[in-house]
Amino acid sequence: MNAPARADVTPPVSAATARAALERVAANLSLAVQGKERELRLAVTCVAAGGHLLLEDVPGVGKTTLVEALGRSFGLSLSRVQFTADLMPTDILGAQVFHAASATFSFRPGPIFRQLVLADELNRAPPRTQSALLEAMAQGQVSLDGTTHPLPRPFTVVATQNPVDFSGTYPLPDSQLDRFLMRLSLGHPAPEVEARLLTQQRDTASSVDVLEPVSTPEELTALRAQVAAQRLDTAVAEYVVRLAQATRAHGDIERGASTRAVLALGMAARAHALWDARDFVTPGDVRAVLGPCLAHRLLLRSGTQGAYTRDEALHLVEEVARKVPAPR
C-alpha cells in the first residue's frame, strides 16, 4: 500500500457510487482484455484499495494491455519502464542535473513521477534498482541529496515478471514481495476468446487506443477514501488474524503471513465490499481476495520456484481457508 506521506483531503463517495465507478472501469477494461472478468475485478479492487499490483505471467497474455487500459480508464498519467540488467536507480527516480551557465543544480524527475507506473519485468533489474523502486513505492516519495520529492497522487505501481524464465534475473526478496497488495496471473484466454481476437484483429490496431476514460484521478482518490472508511467489525478482523496465524502454523510453510499482509488483506477486503455497494466487510470479501493477497507472501518449505511456487502457495492458502471457520 502507498505510504500516507500526505493526507488525502478528498471526501469519500457513497458505497453505491463507488460500486458504479468500479463496474464502469471493469467494463471498460473488458473491452481491451477479454474473457478475464474475475482478474479484471481483482485488479480494479487492488487499485481502488491503494495497493500496488504484481502481474506474474508468461509473455503475450495481456499484462501490458491491462496496465495501459487501467491508466486510460482512470485518466491517469502513465509511464512504462523496461527493467534490464543495466538499469540504474536514477533511471527510475530521477537525478540532480548541473546547469553550467548558472552553476546550479535542478532535479530532473524520473518516470516514477507518474500516477500509474508499469515496471515491466521487474526481476531483470539488479537488487539495488529494485530496492530503489520498492522503497519509493512504500514511502510515496523520493529522497535525493537531502531533498524529498513527493510522488503524484493517486499513485500505483504495476510490476510484471515471468514465472517461467528466471535465467539472468534477480528474484524479488520476500520482504519486497510483501510491498505488493496483490499478485495476479491472467493466464491464456479461453479458445473462443482467442478465436474472437483473431477475427477482430484486422479492425483493431490496438484495443487500448479505442478506450475512453470512464473515471478520473479525483474519483479514484475518492474511492480510496471510501475504502479507508469501510467498516470492518471485530469478528471479521479476528477472522483475518486467524487466517494469518494458520499460515504461520502450517507445516508446509516456512514463513507465514506478516502483519503487513494482515493489514493488506483487510484493506483489499474493504475494497471488495464495494462491489456489492456495502460499507461493511463480510467474511466472503476476505475469502474473495485471500489468495491474491497472501500467496506471494508465503515462504514454502518445498523450495519450488516460479509458477510451481505460485500454484502451491495458492493451494495452501485455499487449504487454510477451508480449515479456518468463518464468523456467522
Side-chain angles (χ1 to χ4, degrees), residues 35-43 45-46 49 51-59 61-63 66 122-123 158-166 169 171-190 236 238-269 271-272 275 281-327:
K36 296 294 175 183
E37 282 71 19
R38 174 181 176 274
E39 289 78 9
L40 297 185
R41 283 171 63 102
L42 286 170
T45 302
C46 181
H52 305 295
L53 175 63
L54 178 62
L55 290 176
E56 191 176 84
D57 221 320
V58 295
V61 295
K63 300 189 295 297
L66 170 57
L122 176 60
N123 56 340
V158 182
T160 72
Q161 64 176 3
N162 184 342
V164 176
D165 182 12
F166 275 86
T169 65
L172 299 179
D174 296 329
S175 60
Q176 296 184 355
L177 281 172
D178 212 21
R179 303 290 183 188
F180 291 96
L181 184 73
M182 288 188 190
R183 178 181 63 179
L184 297 177
S185 173
L186 290 176
H188 293 288
V236 180
E238 291 173 347
Y239 176 53
V240 171
V241 173
R242 287 199 302 275
L243 289 166
Q245 289 177 325
T247 66
R248 297 165 189 164
H250 198 289
D252 294 332
I253 300 175
E254 177 77 23
R255 185 171 60 248
S258 66
T259 301
R260 181 185 289 126
V262 170
L263 298 175
L265 182 55
M267 189 62 78
H272 190 271
W275 289 101
V281 179
T282 68
D285 295 316
V286 177
R287 286 194 297 270
V289 296
L290 188 64
C293 282
L294 289 196
H296 64 290
R297 304 169 192 266
L298 306 181
L299 178 61
L300 308 187
R301 295 187 188 280
S302 62
T304 55
Q305 289 186 336
Y308 300 107
T309 299
R310 182 188 64 205
D311 295 343
E312 184 177 355
L314 282 171
H315 172 75
L316 292 174
V317 169
E318 290 168 1
E319 180 185 322
V320 165
R322 288 195 299 270
K323 291 182 176 178
V324 176

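Just the heavy atoms: all of them, side chains too, but no hydrogens, waters or symmetry mates, feed the values below.
No donor-acceptor distance shorter than 3.5 angstrom exists from the side chain of Arg310 to the backbone of His296, with no hydrogens or angles considered. Arg287 places no side-chain N or O within 3.5 Å of a backbone atom of Ala326 that could act as its donor or acceptor partner.
Applying the side chain to side chain contact (heavy atoms under 4.5 Å, CB included) criterion to Val317, with sequence neighbours excluded, gives Leu290, Leu294, Ala295, Leu298. Annotation: side chain to side chain donor-acceptor pair (under 3.5 Å) contacts of Arg255 (sequence neighbours excluded): Asp174.
In this structure, NZ on Lys323 lies 16.0 Å from CZ on Arg242, to the nearest 0.5 angstrom. With rounding to the nearest 0.5 Å, the separation of CG in Asp57 from CD in Gln161 is 11.0 Å. Distance CG/Leu53 to CG/Leu66: 7.0 Å, rounded to 0.5 Å. How far OG of Ser258 is from CG of Leu299: 12.5 Å, rounded to the nearest 0.5 Å.
At a cut-off of 3.5 Å, with distance as the only test, a side-chain donor of Glu319 or His250 sits close to an acceptor on the other residue.
Looking at heavy atoms from C-beta onward, Leu122 lies in side-chain contact with Phe180 at the 4.5 angstrom threshold.
A salt bridge links Arg260 with Asp178: at least one charged nitrogen is closer than 4.0 Å to a carboxylate oxygen.
Listed here is the closest heavy atom pair of Leu42 and Pro292: CD1-CG, 3.9 Å.
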